[in-house]
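I have placed the structure first, in the form of structure tokens, so that the comments after it can refer back to it.
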Amino acid sequence: QVQLVESGGGLVQPGGSLRLSCAAAGSAFSINRMGWYRQAPGKERELVATITSGGSTNYADSMKGRFTISRDNAKKTIYLQMNSLKPGDTAVYYCNAEIWSRTTFNSRDYWGQGTQVTVSS
């Protein structure tokens with residue numbers, strides 16, 4: 001199986017920055033796409049940003065200019081640099097990966113457990 005291990009969440013003041021990371025652990029797989037989603041209390045999970053192994057990125061409009069997604073294909077890791085954080089960014093941030101299995105020859109969607117980001121004075 002593939003496991004997504006997230007880190008980097010925490011408590012920051014408005015205007016501060018955080019850098020999240022998500023590493024895909026396992027074997028005999030390739031990554032089609034990875035990304036970040038978030039979910040605030042009482043709200044639906046929403047897209048933050050995605051990135052393909054080739055480097056193509058997609059951002060939610062509200063995150064453009066403040067958040068940057070990047071990847072290290074060798075480490076099978078993605079990052080989310082979050083700047084100018086606002087209280088509205090408070091949410092659980094989830095790592096997502098679309099994985100192609102080289103043993104079963106099919107694709108599957110994986111989710112991390114999530115990491116809490118709290119932006120508060």
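Since the structure is predicted, the reported quantities are computational estimates derived from the model, not experimental observations.
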So, [X] side chain and [Y] main chain: donor-acceptor pair closer than 3.5 Å or not?
X: Y59; Y: T68; answer: no
X: Q116; Y: G10; answer: no
X: Q13; Y: S121; answer: no
X: S62; Y: A60; answer: no
X: E6; Y: G114; answer: yes

Decide yes or no for [X] and [Y]: does some side-chain heavy atom of the first lie under 4.5 Å from some side-chain heavy atom of the second?
X: L80; Y: V48; value: yes
X: S120; Y: P87; value: no
X: V92; Y: T115; value: no

Rounded to the nearest 0.5 Å, what's the gap from [atom1] on [X] to [atom2] on [Y]? Could you check?
X: L4; Y: M34; atom1: CG; atom2: CE; value: 5.5 Å
X: K76; Y: S53; atom1: NZ; atom2: OG; value: 9.5 Å
X: T50; Y: R71; atom1: OG1; atom2: CZ; value: 12.5 Å
X: M82; Y: L18; atom1: CE; atom2: CG; value: 4.5 Å
X: S56; Y: I51; atom1: OG; atom2: CD1; value: 8.0 Å
X: N58; Y: I69; atom1: CG; atom2: CD1; value: 9.5 Å

Run N73 and I31 through side-chain contact (heavy atoms from CB on, under 4.5 Å) and show every step you take.
CA-CA 9 Å; N73 286 346; I31 300 171; over 6 Å; no
Apply side-chain contact (heavy atoms from CB on, under 4.5 Å) to the pair W111 and R45, showing each step before the final yes or no.
CA-CA 12 Å; W111 291 92; R45 190 170 299 184; 3.2 Å; yes
Would you check if the distance from the ring center of W36 to the ring center of F67 is below 6.0 Å?
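Judged by ring-centre distance (under 6.0 Å), W36 and F67 do not meet the cut-off.
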Check this for me: Q113, atom CD, are more than 12 non-hydrogen atoms of other residues, nucleotides or ligands nearer than 6.0 Å?
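Count not over threshold, so no.
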Contact summary for G9 and L20, nearest pair of heavy atoms:
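Heavy atoms only, the tightest pair is N-CD2, 3.5 Å.
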Under the side-chain hydrogen bond (donor to acceptor under 3.5 Å, both in side chains) definition, can you give me all pairs with a residue in residues 81-104, not counting sequence neighbours?
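For residues 81-104: S17-N83, N32-E98, R33-N96, R38-D89, R38-Y93, R66-D89, Q81-N83, N96-D109, S101-T103, S101-T104, T104-N106.
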Could you note down all residue pairs passing side-chain hydrogen bond (donor to acceptor under 3.5 Å, both in side chains) where residues 19-30 supplies at least one of them, sequence neighbours left out?
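Those involving residues 19-30 are S7-S21.
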Through direct or indirect side-chain contacts below 4.5 angstrom among Ile, Leu, Val, Met, Phe, Trp and Tyr, which residues connect to Y79?
none
Indicate if V117 and Y37 have the same hydrophobic cluster label, given that clusters are the connected sets of ILVMFWY residues with side-chain heavy-atom separations under 4.5 angstrom.
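In one cluster with V117: Y37, no.
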